[in-house]
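When reading the values below, keep in mind they use all heavy atoms of this one structure, side chains included, and skip hydrogens, waters and symmetry mates. Throughout, numbering of the chain's residues begins at 1 and tracks the sequence.
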Amino acid sequence: MRETPEELAALQTLLDTSLAGATGHLRSIIAADRTLTAAQLTSVLTGMCLLTLSTVTAKGEPRVSGVDGHFLHGRWYFGTARTAAKARHLAARPAASVAHMRGEGLGVFTHGTAETLNPAGGEPDAEWPELRAYLQDFYGDDAFDWDNDVVFFRLRPHWTTVYAPDFAELIAQ
């Protein structure tokens, strides 16, 4: 868990307000006894988590793909090749949604704005050095040409919900 007490509090507020503003149908599925607190969520989302990423083309058509996701500081971080269609979509239209699911035991759904951390030829985000060090430790220093081959994003969430009917089972896995 890499979250500060302030980041956990902000994540808890996001989880609470997202669920409170959800439709009745969603609240009937993600009830108080079938969700996680921010602290529980950060204890479960460690290492690499496969995400389904949804972007939008210039014609407004949806596109979905998979990316490696890392949940750090109460937010999703993910990367892709600079030449990937999803990188172009996010650069032009940064609204995005991600989902992380583990069978029927966990579903984390987030909508937000993708922010580029290491733009080509531009000034990197203040978080980039810390994230790059984490990623190099995770994938290896020479896994990529970190400056030219890959672009990484932070998803600044405005809505996140979690479905988890059995926390004990999740942590046992």
Side-chain angles (χ1 to χ4, degrees), residues 1-12 14-15 36-55 63-91 94-103 105-164 167-173:
M1 186 169 88
R2 298 173 182 265
E3 287 73 20
T4 66
E6 296 79 17
E7 290 167 339
L8 278 176
L11 177 57
Q12 188 62 57
L14 176 65
L15 293 170
L36 300 178
T37 66
Q40 290 171 324
L41 182 62
T42 58
S43 72
V44 171
L45 296 179
T46 59
M48 192 277 290
C49 300
L50 183 60
L51 296 179
T52 301
L53 168 68
S54 179
T55 61
R63 293 293 182 261
V64 65
S65 61
V67 292
D68 289 3
H70 297 268
F71 198 77
L72 307 164
H73 304 292
R75 296 185 178 147
W76 286 112
Y77 294 80
F78 59 89
T80 191
R82 289 193 185 276
T83 57
K86 63 188 132 215
R88 290 190 311 275
H89 296 168
L90 292 172
S97 296
V98 298
H100 172 64
M101 299 176 72
R102 297 181 192 169
L106 177 66
V108 183
F109 309 95
T110 303
H111 307 306
T113 303
E115 301 170 328
T116 305
L117 298 173
N118 61 331
E123 187 67 28
D125 185 274
E127 280 190 76
W128 176 239
E130 177 189 351
L131 180 65
R132 180 176 170 163
Y134 164 85
L135 294 167
Q136 285 177 317
D137 184 53
F138 188 85
Y139 292 108
D141 288 342
D142 59 353
F144 309 106
D145 177 340
W146 294 92
D147 295 319
N148 298 307
D149 291 346
V150 292
V151 58
F152 281 87
F153 299 92
R154 170 184 52 236
L155 187 62
R156 185 172 302 279
H158 60 79
W159 190 89
T160 298
T161 59
V162 179
Y163 173 76
F167 177 65
E169 185 177 319
L170 278 174
I171 58 172
Q173 296 172 358

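To the nearest 0.5 angstrom, Leu14 atom CG is 4.0 Å from Thr160 atom OG1. Atoms CG and OG1, on Leu90 and Thr116 in that order, are 7.5 Å from each other to the nearest 0.5 Å. Here the CG atom belonging to Leu15 is positioned 8.5 Å from the OG1 atom belonging to Thr161, to the nearest 0.5 angstrom.
Side chain to side chain, Thr55 and Lys86 fail the donor-acceptor criterion of an N or O pair below 3.5 Å.
Looking at heavy atoms from C-beta onward, Thr52 lies out of side-chain contact with Met101 at the 4.5 angstrom threshold. Two residues are said to be in side-chain contact when any heavy atoms from C-beta on lie closer than 4.5 Å; Arg2 and Tyr134 meet this criterion. Residues Val151 and Pro119 are not in side-chain contact: their nearest non-hydrogen atoms beyond the backbone lie 4.5 Å or more apart. Annotation: side chain of Leu45 is in contact with side chain of Trp76 (closest heavy-atom distance under 4.5 Å). Using a 4.5 Å heavy-atom threshold, the side chains of Phe152 and Pro124 count as separate. Here the side chains of Thr110 and Trp159 are not in contact, with every heavy-atom distance at 4.5 Å or above. In this structure, Phe153 and Leu155 have side chains that are not in contact, with every pair of non-hydrogen atoms separated by 4.5 Å or more. Contact of the Leu11 side chain with the Phe71 side chain is registered, since non-hydrogen atoms from C-beta on lie closer than 4.5 Å.
Taking His73 as the reference, nothing meets the ring-ring contact (aromatic ring centres under 6.0 Å, His included) condition, with sequence neighbours excluded. With sequence neighbours excluded, the residues that form a salt bridge (charged side-chain N to carboxylate O under 4.0 Å, His left out) with Arg63 are Glu61. Considering only residues two or more places apart in sequence or on other chains, Asn148 meets the side chain to side chain contact (heavy atoms under 4.5 Å, CB included) condition with Asp145. Applying the side chain to side chain donor-acceptor pair (under 3.5 Å) rule to His111 yields the partners Ser97; only residues at least two apart in sequence or on another chain are considered. Remark: Glu6 pairs with Thr4 by the side chain to side chain donor-acceptor pair (under 3.5 Å) rule, at least two apart or across chains. Contacts of Asp125 classified as side chain to side chain contact (heavy atoms under 4.5 Å, CB included), with partners at least two apart in sequence or in another chain: Leu117, Glu127, Arg154. In this view, Thr37 and Gln40 satisfy the side chain to side chain donor-acceptor pair (under 3.5 Å) rule, not counting sequence neighbours. Every residue two or more places apart in sequence or in another chain that forms a ring-ring contact (aromatic ring centres under 6.0 Å, His included) with Tyr139 is listed here: His70, Phe144. Residues forming a side chain to side chain donor-acceptor pair (under 3.5 Å) with Arg156 (at least two apart in sequence, or on another chain): Glu115. Here Gln136 pairs with Arg132, Asp141, Trp146 under the side chain to side chain contact (heavy atoms under 4.5 Å, CB included) rule; sequence neighbours left out. Applying the side chain to side chain contact (heavy atoms under 4.5 Å, CB included) rule to Ala164 yields the partners Leu36, Leu106, Val162, Leu170; only residues at least two apart in sequence or on another chain are considered.
Checking side-chain atoms of Glu7 against main-chain N and O of Gly74 turns up no donor-acceptor pair under 3.5 Å.
When all heavy atoms of Leu50 and His100 are compared, the closest pair comes out as O-ND1, 2.8 Å. For Ala87 against Ala81, the heavy-atom pair with the smallest separation is CB-O, 3.6 Å. Across all non-hydrogen atoms, the minimal contact from Phe109 to Ala99 is CD2-CB, 3.8 Å. Between Gly69 and Leu51, the closest heavy-atom pair is CA-CD1, 3.6 Å.
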Kindly indicate, with the supporting measurements, whether the criterion side chain to side chain contact (heavy atoms under 4.5 Å, CB included) is fulfilled by Phe167 and Ser43.
-> CA-CA 10 Å; Phe167 177 65; Ser43 72; 3.8 Å; yes
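Residue pairs meeting the salt bridge (Lys or Arg N to Asp or Glu O under 4.0 Å) criterion with at least one member in residues 66-77: none, sequence neighbours excluded.
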